[in-house]
Protein chains: 2
Amino acid sequence: MGGMHQHLGHPEGENALEQLVARIPLFSQLSDAELGEVARRVTPRSFPRNAQLYGAGEHNANLMIIHSGLVKVYRITDAGHEQVIRILGPGDFLGESTFIDRSAVDHFAVTLEKSDICALHHDDLHSYVLTFPGVAFKMLETLSRRLAETEHQLSSVAGDDADHRVATYLLEASAAAGTERIRLGIAKKDVASLLGLTPETFSRKLAAFEEAGWITLHRGRDIELLDTRALSLL
Amino acid sequence: MGGMHQHLGHPEGENALEQLVARIPLFSQLSDAELGEVARRVTPRSFPRNAQLYGAGEHNANLMIIHSGLVKVYRITDAGHEQVIRILGPGDFLGESTFIDRSAVDHFAVTLEKSDICALHHDDLHSYVLTFPGVAFKMLETLSRRLAETEHQLSSVAGDDADHRVATYLLEASAAAGTERIRLGIAKKDVASLLGLTPETFSRKLAAFEEAGWITLHRGRDIELLDTRALSLL
DNA sequence: CGAATCTTTGAATCCCGTCAATACGCGTGG
DNA sequence: CCACGCGTATTGACGGGATTCAAAGATTCG
C-alpha cells in the first residue's frame, strides 16, 4: 500500500481533519468533543487510481472511510474471473469484515479513481464502538442495508433474466440520480459484473434497448431513458 | 400468526426461561443479573411446521431467536418464483432488518419444522443495544458473517457453473458435519434454490456425480461422499 | 499523441431452464 | 399403526438465452 500523505501536527490540518471526520456518517451522532477525539486517531491518506487498498489473504487492520473517490470491492471466483461485489463512494466505509472477524479477508478492494480515504485502526474503532453506542448502531444500520442489497442482488442474479436485470439497473440509477439522463460512474464491464453478466451480454442488451427505442446511448457512459414504462415491464 | 404458548408468571417458567436466554449467543456476554432482565422481556412461542413468522409487506416489530427448529428465509422474485436466501437454526435470530430499518420487510420467514422461538420486541432490544455494548457487537458479528456468506453465494451463483456449486455445497456440508456421510436437513428443492438452481438441475447433477462414482445417494436425503478429491477439482 | 484498456459486434456452442409425466416418500389423518 | 394423498423427486426431450471465442473499433489516461 504505497503513497500515503499524512497530515499530522499542525493545527490547521487538525481542524480540517476534524471537519472531515464530522462529515462521516458513521460518526454523525458524536458530539464535538468526541469528534475531536476520533479525529486525533484517524489517518488521512490519498490514493491514486487503481491502488489496491487490500487483497485476499491479507489481515487488514484498518477501517477505511472514503472521503472522496470510488472503490470497487470484488472477489476472484474459483473459476478465476472477477466478480464485483459492490461499489463504494464518499461516506462509505470498508474493512469492517476483519474488524469483526479477525480472519483474513477473502476479497479485494481497489480505487477506481483518485481517492481520499481515512484509515482508523481496528483497536481504536473497538474502543469507540464500546464507548459510543451510536457508532455501533450506525455500523449495524450500514451492514444491514448492505446485507439487504446483496440479498437483492442474489435473488436478481439467480432468478431474473438479463433483460430484466439491465432494465432494473437503469431504472434504479435513474431514480437515484433524479434524472432520466444517467451517467454510469464506472466501466461497463464492472456494471456487467455487478449484474452477473458478461460485458458482451450487457453491451448487447443495451444495444437491443436502443434498437427498441427505449434508451439512447450517448458518448462515453451516458444513457438517456426514453421509455421507462417499457423498461419496467421487463 | 397462530398458536402461541406464553409461559408467564410462575417461577419455574421464569427460571427455565432464564436458562433459555443464557444459551442465546446474542446475549452470551451478559451477566446473570442482566440475563434475568432480558428474560423478563422475552416471549417464548412454539410454532408448528410451515408457520409463517412474517411476510413481505409486514412491519414486524420483534427480533426472533430460534431455540429449536429450522427457519427458511426466502424472497419472491419479480419473475414470481421463490428464492431461498438462507436457512436459520438454533441460536440464530431473525427480524433484525426491521429493527434497524423500520421499513417493511421484503422477504418471508417460514418454519420448516416445529420450532421454539423467543420473541423480543424491538423497543426492548433497542435499549439493550444501547445499554450493553456486547449485544451490539454480537449483532455486528452475526450480520458481518451473514454478509460474507451472502456475498459468497452471490459470486458463486454469478460465476460458477452448476457442477461446481453442487460439489462445493456437498464438500462444505461434509466439512461442517465432520463426516463424509451427510444428511440434507432440508428439502432438495430448497437446497437447489439456495444454490440458484432448479430442482431438476440439482437432481441431475447429483445423479451425474453418482454415475461418476463420486457419491452415493442413499434413501431419503442421505448422501455419501466417495471421492472428495474429484469433487473439489470441479 | 500513443498505447492499453474497454467496448462492440458476429457466429457458434452449450449449459441450464422449461414442460411433462412418472415414481417416490413423507406427513397427515383415521 | 397403517394407509392414503399430496408434495417432492426423478428422468427425458426440447428450446432458448447467455457465454465463449475472436476481431475490430472506440475511449480514456499517461
Side-chain angles (χ1 to χ4, degrees), chain A residues 3 48-51 69-70 72 77 79-84 110-114 156-167 183-211 215 217-223 234, chain B residues 48-51 69-70 72 77 79-84 110-114 156-167 183-211 215-223 234:
Chain A
R49 178 188 171 83
N50 288 329
L70 225 47
K72 173 171 75 174
T77 65
H81 65 264
E82 170 182 319
Q83 168 67 39
V84 177
V110 174
T111 56
L112 288 177
E113 53 188 53
K114 181 177 178 302
S156 168
V157 169
D160 303 332
D161 62 9
D163 295 88
H164 193 270
R165 278 181 267 169
V166 173
R183 187 161 304 178
L184 303 181
I186 58 180
K188 282 180 182 165
K189 74 177 174 67
D190 287 331
V191 177
S193 176
L194 211 48
L195 297 177
L197 300 171
T198 58
E200 293 95 327
T201 300
F202 185 54
S203 177
R204 273 185 260 268
K205 291 306 175 188
L206 288 179
F209 286 2
E210 185 169 40
E211 182 80 15
I215 66 175
L217 295 170
H218 293 278
R219 278 180 42 89
R221 289 158 183 170
D222 239 5
I223 302 176
L234 287 178
Chain B
R49 179 189 170 81
N50 288 328
L70 225 48
K72 172 172 74 173
T77 65
H81 64 265
E82 170 182 318
Q83 168 66 40
V84 177
V110 173
T111 55
L112 289 177
E113 53 188 51
K114 182 177 179 303
S156 168
V157 169
D160 302 332
D161 63 8
D163 295 88
H164 193 272
R165 277 181 266 168
V166 173
R183 186 160 305 178
L184 303 181
I186 59 180
K188 283 181 181 166
K189 74 179 175 67
D190 288 331
V191 178
S193 176
L194 211 47
L195 297 176
L197 299 171
T198 57
E200 293 94 327
T201 300
F202 185 53
S203 178
R204 271 186 263 268
K205 291 306 174 189
L206 288 179
F209 286 1
E210 186 170 39
E211 181 79 13
I215 66 175
T216 302
L217 296 169
H218 293 278
R219 279 178 41 88
R221 289 158 182 170
D222 241 4
I223 302 176
L234 287 178

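Lettering of chains follows the sequences in order, A, B, ..., and the numbering in each one begins at 1. Please read these numbers as outputs of a predicted model, since none were measured by experiment.
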Using a 4.0 Å heavy-atom cut-off, does [X] contact any base of the nucleic acid, only the sugar-phosphate backbone, or nothing at all?
X	answer
A:R204	base
B:K205	sugar-phosphate
A:R221	sugar-phosphate
A:G159	nothing

From the list [options], which nucleotide is the closest neighbour of the side chain of [X]?
X	options	value
B:A207	D:dT11, C:dC6, D:dT8	D:dT11
B:T198	D:dT8, C:dG17, D:dT19	C:dG17
A:K188	C:dT7, D:dA18, C:dC19	C:dT7
B:A187	D:dT11, D:dA22, D:dT8	D:dT8
A:R49	D:dC29, C:dT18, C:dC16	D:dC29

In this structure, how many angstroms lie between the [atom2] atom of [N] and the [atom1] atom of [X], rounded?
X	N	atom1	atom2	value
A:H81	D:dC21	NE2	P	12 Å
B:N50	D:dG7	CG	P	11 Å
B:R165	C:dC16	CZ	P	7 Å
B:R219	C:dC24	CZ	C1'	10 Å
A:K114	D:dC29	NZ	P	14 Å
B:L217	C:dG25	CG	C1'	15 Å
A:L184	D:dT27	CG	P	14 Å
A:E210	C:dT9	CD	C1'	14 Å

Determine whether a donor-acceptor pair (N or O, by modelled atom type, separation under 3.5 Å) exists between the side chain of [X] and the backbone of [Y].
X	Y	answer
B:R165	B:L195	yes
A:S193	A:V84	yes
A:E210	A:L217	yes

- Determine, for B:K72 against B:E113, whether the closest basic-nitrogen to carboxylate-oxygen distance falls under 4.0 angstrom.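 No, this pair does not count.
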- Query: Does the pair B:K205/B:E211 count as a salt bridge with the N-to-O cut at 4.0 Å?
  - Reply: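 No.
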- Message: With nearest nucleotide decided by heavy atoms, which residue, B:K189 or A:D161, maps closer to the 5′ end of DNA chain D?
- Response: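 Closer to the 5' end of DNA chain D: B:K189.
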- Task: Would you kindly compare A:G220 and B:L206 by the position of their nearest DNA chain D nucleotide and give the one closer to the 5′ end?
- Result: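 The residue mapped nearer the 5' terminus is B:L206.
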- Message: Can you see if the side chain of B:S203 gets near the phosphate of D:dA9 - specifically, an N or O under 4.0 Å from OP1 or OP2?
- Response: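 Indeed not, no polar side-chain atom of B:S203 lies that close.
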